[in-house]
Amino acid sequence: ITDQAAAQDVLSGKERGIDAKITRSENGKLVYHVAYPVTNSQGQRIGGLILGVDLESFNAVHVDPVKIGANGYAFIVDQEYRLLAHPKDKQSLPKPSGDLEFLRDIVAKKNGEISYVYQGVKKFAAFSHVQQTGWIVCVNATEDEILASTISMRNIIIGIGAGLCL
């Protein structure tokens, strides 16, 4: 176990280690590993604890509940263009997706926002690189949903303006 990146981080003095490489556990679950030091009563590091974090459970708690408007959602992609979390396509995770141009753009930029068309729908995505894992957390929404509130505000302003002119 000491050859895992998470264990190496803790053994080298870090307060936490993360190995973002997705592996299959003995029970068939997809996991990544997190390690923490174990200290004695004098605070001396005497070992470590390494945990396999079930990717499906992590996604159920931290990714799947995120909703942006009626159709927007969060997803996670890694540096190899694999979807690690996606609320609408859970069965095939991690899913190789390097053929999707917008994902290649997201991985190349690491942080920021883009607009793109996916299956004929215009979308916006904002994303941020997580240094500890190398993963990129993204949220997206359709252009129509994002612009709906802007259009509503415009109509209110026009209505108020027209009322002032009467």
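As the structure is a prediction and not an experimental result, all values here were calculated from the model.
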- Query: When hydrophobic residues are tied together by side-chain contacts of less than 4.5 Å, even through go-betweens, does Val31 share a cluster with Ile22?
  - Reply: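 Each belongs to a different hydrophobic cluster.
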In the single-linkage hydrophobic clustering (I, L, V, M, F, W, Y; side-chain heavy atoms under 4.5 Å), do Tyr81 and Val137 co-cluster?
->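 Hydrophobic grouping puts Tyr81 apart from Val137.
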Non-neighbouring partners of [X] that pass side-chain hydrogen bond (donor to acceptor under 3.5 Å, both in side chains), sequence neighbours left out:
{"X": "Lys21", "result": "none"}
{"X": "Asp64", "result": "Lys90"}
{"X": "Asn59", "result": "none"}
{"X": "Ser25", "result": "Asn27"}

Of all pairs that satisfy salt bridge (Lys or Arg N to Asp or Glu O under 4.0 Å), the ones with a partner from residues 69-79, not counting sequence neighbours:
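Non-adjacent pairs meeting salt bridge (Lys or Arg N to Asp or Glu O under 4.0 Å): Asp78-Arg82.
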Per the salt bridge (Lys or Arg N to Asp or Glu O under 4.0 Å) rule, what does the pair list look like for residues 103-113, sequence neighbours excluded?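 Every candidate salt bridge (Lys or Arg N to Asp or Glu O under 4.0 Å) pair involving residues 103-113 fails, so no pair, neighbours aside, qualifies.
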Side-chain donor/acceptor pairs under 3.5 Å, residues 43-57, sequence neighbours excluded:
| from | atom 1 | to | atom 2 | distance (Å) |
| --- | --- | --- | --- | --- |
| Gln44 | OE1 | Asn40 | ND2 | 2.9 |
| Arg45 | NH1 | Val10 | O | 2.5 |
| Arg45 | NH1 | Lys14 | O | 2.9 |
| Arg45 | NH2 | Gly13 | O | 3.4 |
| Arg45 | NH2 | Glu15 | OE2 | 3.2 |
| Asp54 | OD1 | Glu56 | N | 3.1 |
| Asp54 | OD2 | Ser57 | OG | 2.8 |

Check [X] against [Y] and note the closest heavy-atom contact, atom names and distance.
{"X": "Ala35", "Y": "Ala7", "answer": "CB-N, 4.0 Å"}
{"X": "Ala74", "Y": "Pro87", "answer": "O-CD, 3.1 Å"}
{"X": "Leu84", "Y": "Pro94", "answer": "CD2-CB, 3.7 Å"}

- prompt: Under the ring pair (Phe, Tyr, Trp, His ring centres under 6.0 Å) test, which residues partner His62, sequence neighbours left out?
  reply: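 Once residues adjacent in sequence are excluded, the partners of His62 under the ring pair (Phe, Tyr, Trp, His ring centres under 6.0 Å) criterion are Phe58.
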- [ ] Please round to the nearest 0.5 Å and tell me the distance separating atom CD1 of Ile136 and atom CZ of Phe75.
- [x]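 If we round to the nearest 0.5 Å, Ile136:CD1 and Phe75:CZ are 9.5 Å apart.
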Query - Interatomic distance, Leu103 atom CG to Leu83 atom CG [nearest 0.5 angstrom] - result: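 Result: 5.5 Å between the selected atoms.
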With sequence neighbours excluded, give me every side chain to side chain donor-acceptor pair (under 3.5 Å) pair touching residues 28-39.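 Qualifying pairs: none.
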Q.
Can you list, by chain and residue number, the hydrophobic cluster partners of Val139 when the side-chain cut-off is 4.5 Å?
A.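 Reading the cluster by chain and number, Val139 sits alongside Val66, Ile68.
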message: Atom CD of residue position Glu101 - does it have more than 12 heavy atoms of other residues, nucleotides or ligands inside 6.0 Å?
response: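 For Glu101, atom CD is not crowded (no more than 12 foreign heavy atoms under 6.0 Å).
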N/O donor-acceptor pair under 3.5 Å between Gln132 side chain and Ile18 backbone: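 Checked: no pair found.
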Please report, to 0.1 Å, the donor-acceptor pairs under 3.5 Å made by any side chain of residues 114-128, with sequence neighbours excluded.
| from | atom 1 | to | atom 2 | distance (Å) |
| --- | --- | --- | --- | --- |
| Tyr116 | OH | Asn140 | ND2 | 3.1 |
| Lys123 | NZ | Tyr73 | OH | 3.4 |
| Ser128 | OG | Asn111 | OD1 | 3.4 |

*Evaluation steps, side-chain contact (heavy atoms from CB on, under 4.5 Å), between Cys138 and Ile106*: CA-CA 9 Å; Cys138 311; Ile106 287 171; 3.8 Å; yes
